[in-house]
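Structure first, commentary second.
In what follows, chains carry the letters A, B, and so on, assigned in the order in which the sequence lines appear, proteins first and then strands, with residues in each chain numbered from 1.
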Protein chains: 2
Amino acid sequence: MSCENATAQVLKDSGHRLTPQRLMILSAIRHTTSHVTVAQILDEVRESYPYIDASTVYRTLGVLKKMRLVSETDMGSGEAVYEWINQSKHHHLICKSCGGVTLLEDRYVASVGSDIMEDHGFKADLDHFAIFGLCASCVED
Amino acid sequence: MSCENATAQVLKDSGHRLTPQRLMILSAIRHTTSHVTVAQILDEVRESYPYIDASTVYRTLGVLKKMRLVSETDMGSGEAVYEWINQSKHHHLICKSCGGVTLLEDRYVASVGSDIMEDHGFKADLDHFAIFGLCASCVED
DNA sequence: CTAGCTGCAAAGCGTTTGCACGATG
DNA sequence: CATCGTGCAAACGCTTTGCAGCTAG
């Protein structure tokens, strides 16, 4: 039993159909440690099923987004990245120089959210943040 | 003497040419209280000079970005927004429901930057942040 | 004069949409 | 068997690029 089985059930229960394509897309998203692009999903799925179309991936991601099973983040310039929403919130530090991605625990950001709520009544969506900058090794240059 | 004169001098000093188009683009950016899109710049400049091309605007913005005179922010889905970089840092709260934009003072975010630097050696670029969520009035629905 | 800027046109990119066929429940 | 999902193709919107002519310094 693979780990995306539970998700399959959730999809089914919500009135969506379970197709091979969707299972493969699901698998591609869950079998990465962090975020994926549509291109990466396509590459992976095409290894076993070459006829998958980008529109199918986008439409499936649309469903998963609406069900809050995946998050979409625009990392600026170009493709959006998608990530499985799980219990342990985290964020990403993206180096503008080398493109490296570091995980950042939620505690760095969490307090900001409650401060904003208190002062502005604004319910900030801080589930997944992309923070740009220069990583430790690139900052030396 | 208009307020973009100083900028004109900076451009000149850095070896760039001062063209009427650039002056008009400069004016369009500075004469807004907050951020502008390329489309808005085009609209404004075309009122006095209808032949301006989008590529000219993009190229000028590229120069201004490289000189750190304007910041580019991807507010997700669609056009990037550009903003004059000035002394008073701030961020934007963008309501996903009504699209309203609220200014957020820098102090909410500033401490996060130093924390990240301390723990990860990552120099986060937090000059201008776009924070999505639900504004006070939309959160009630 | 001559490097750099412009407008035009076209291409590029990620994403969305219309449509008829096929599969799911 | 009715609906929903798919692949294909084409369109979309924002942005970038090649190019020949023009212009600022």
Side-chain angles (χ1 to χ4, degrees), chain A residues 5 7-29 35-43 45-46 48-67 69-82 130, chain B residues 5 7-29 35-43 45-46 48-67 69-82 130:
Chain A
N5 247 336
T7 315
Q9 197 56 47
V10 175
L11 265 185
K12 235 167 139 181
D13 290 350
S14 62
H16 292 97
R17 289 196 184 154
L18 223 50
T19 65
Q21 290 92 332
R22 287 190 172 170
L23 281 173
M24 289 187 281
I25 293 168
L26 237 45
S27 168
I29 301 174
H35 44 72
V36 270
T37 64
V38 169
Q40 288 171 327
I41 295 174
L42 277 174
D43 283 350
V45 174
R46 281 193 175 132
S48 46
Y49 177 63
Y51 301 115
I52 187 91
D53 191 75
S55 60
T56 301
V57 176
Y58 280 110
R59 285 190 272 230
T60 299
L61 287 171
V63 171
L64 296 174
K65 265 194 302 180
K66 201 169 291 177
M67 300 182 66
L69 292 173
V70 303
S71 71
E72 181 188 52
T73 309
D74 199 330
M75 292 216 177
S77 63
E79 319 161 77
V81 301
Y82 298 87
Chain B
N5 246 336
T7 315
Q9 197 57 46
V10 175
L11 265 185
K12 237 167 139 182
D13 289 351
S14 62
H16 292 96
R17 290 197 184 154
L18 225 51
T19 65
Q21 290 92 332
R22 288 192 171 168
L23 281 174
M24 290 187 282
I25 292 168
L26 239 46
S27 168
I29 301 174
H35 44 72
V36 270
T37 65
V38 169
Q40 288 172 326
I41 295 173
L42 277 173
D43 283 350
V45 174
R46 281 193 174 131
S48 46
Y49 177 63
Y51 302 115
I52 187 89
D53 191 75
S55 59
T56 302
V57 176
Y58 281 108
R59 285 190 272 231
T60 298
L61 287 171
V63 171
L64 296 173
K65 265 195 300 181
K66 201 169 291 176
M67 300 184 65
L69 292 173
V70 303
S71 71
E72 182 188 52
T73 309
D74 199 329
M75 292 217 178
S77 64
E79 319 162 76
V81 301
Y82 299 86

[atom1] of [X] versus [atom2] of [N]: gap in Å, rounded?
X: A:Arg22; N: D:dC4; atom1: CZ; atom2: P; value: 11 Å
X: A:Lys66; N: C:dT16; atom1: NZ; atom2: P; value: 12 Å
X: B:Leu11; N: C:dC5; atom1: CG; atom2: P; value: 9 Å
X: B:Leu64; N: C:dC5; atom1: CG; atom2: P; value: 11 Å
X: B:Leu23; N: C:dT6; atom1: CG; atom2: P; value: 10 Å
X: B:Ile41; N: D:dT15; atom1: CD1; atom2: P; value: 10 Å
X: B:Leu61; N: C:dT6; atom1: CG; atom2: P; value: 11 Å
X: A:Gln40; N: C:dG14; atom1: CD; atom2: C1'; value: 14 Å

Is there, by distance only and without an angle test, a donor paired with an acceptor across the side chain of B:Arg59 and the base of C:dG7 below 3.5 Å?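 Donor-acceptor pair under 3.5 Å: yes.
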
Side chains of residues 11-18 of chain A: which donor-acceptor partners sit under 3.5 Å, not counting sequence neighbours?
{"from": "A:Asp13", "atom 1": "OD1", "to": "A:Gln9", "atom 2": "NE2", "distance (Å)": "3.1"}
{"from": "A:Ser14", "atom 1": "OG", "to": "A:Val10", "atom 2": "O", "distance (Å)": "3.2"}
{"from": "A:Ser14", "atom 1": "OG", "to": "A:Leu11", "atom 2": "O", "distance (Å)": "2.7"}
{"from": "A:Ser14", "atom 1": "OG", "to": "A:His16", "atom 2": "ND1", "distance (Å)": "2.9"}

Kindly give the heavy-atom pair with the smallest separation between [X] and [Y], and that separation in Å.
X: B:Arg46; Y: B:Ala54; value: NH2-N, 4.5 Å
X: B:Ala28; Y: B:Val36; value: O-CG1, 4.4 Å
X: B:Thr60; Y: B:Ile25; value: OG1-CD1, 3.5 Å

Reckon A:Tyr49 has a side-chain N or O less than 4.0 Å from the OP1 or OP2 of D:dG7? yes

Establish, with yes or no, whether the OP1 or OP2 oxygen of D:dT23 is under 4.0 angstrom from a side-chain nitrogen or oxygen of B:Gln21. no

What distance separates [X] [atom1] from [Y] [atom2], expressed to the nearest 0.5 Å?
X: B:Ile52; Y: B:Arg22; atom1: CD1; atom2: CZ; result: 10.5 Å
X: B:Met24; Y: B:Thr19; atom1: CE; atom2: OG1; result: 7.5 Å
X: B:Thr7; Y: B:Leu23; atom1: OG1; atom2: CG; result: 9.5 Å

I need the residues from residues 51-58 of chain A with at least one non-hydrogen atom less than 4.0 Å from DNA chain D; give them sorted by number, or say none. A:Tyr51, A:Ile52, A:Asp53, A:Ser55, A:Thr56

Sorted by position of nearest nucleotide on DNA chain C, 5' first, the leading residue of A:Val38 and A:Thr19 is A:Val38

Starting at the 5' end of DNA chain D and moving along, which residue's nearest nucleotide shows up first, B:Ala39 or B:Pro20?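 Looking at the nearest nucleotide for each, B:Ala39 comes out on the 5' side.
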
Overall bend of the helix from C:dC1-D:dG25 to C:dG25-D:dC1 (five pairs an end, 10° steps) is 40°

Is there side-chain contact between A:Ile41 and A:Leu61, with heavy atoms separated by less than 4.5 Å?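 Counting from C-beta outward, A:Ile41 and A:Leu61 do come under 4.5 Å.
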
What I'd like to find out is whether the side chain of A:Leu64 reaches to under 4.5 Å of the side chain of A:Leu26, using heavy atoms alone.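 Heavy-atom side-chain distance check passes, below 4.5 Å.
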
If you check the A:Arg17 side chain, which of C:dT6, D:dG5, D:dA24 turns out closest? D:dG5

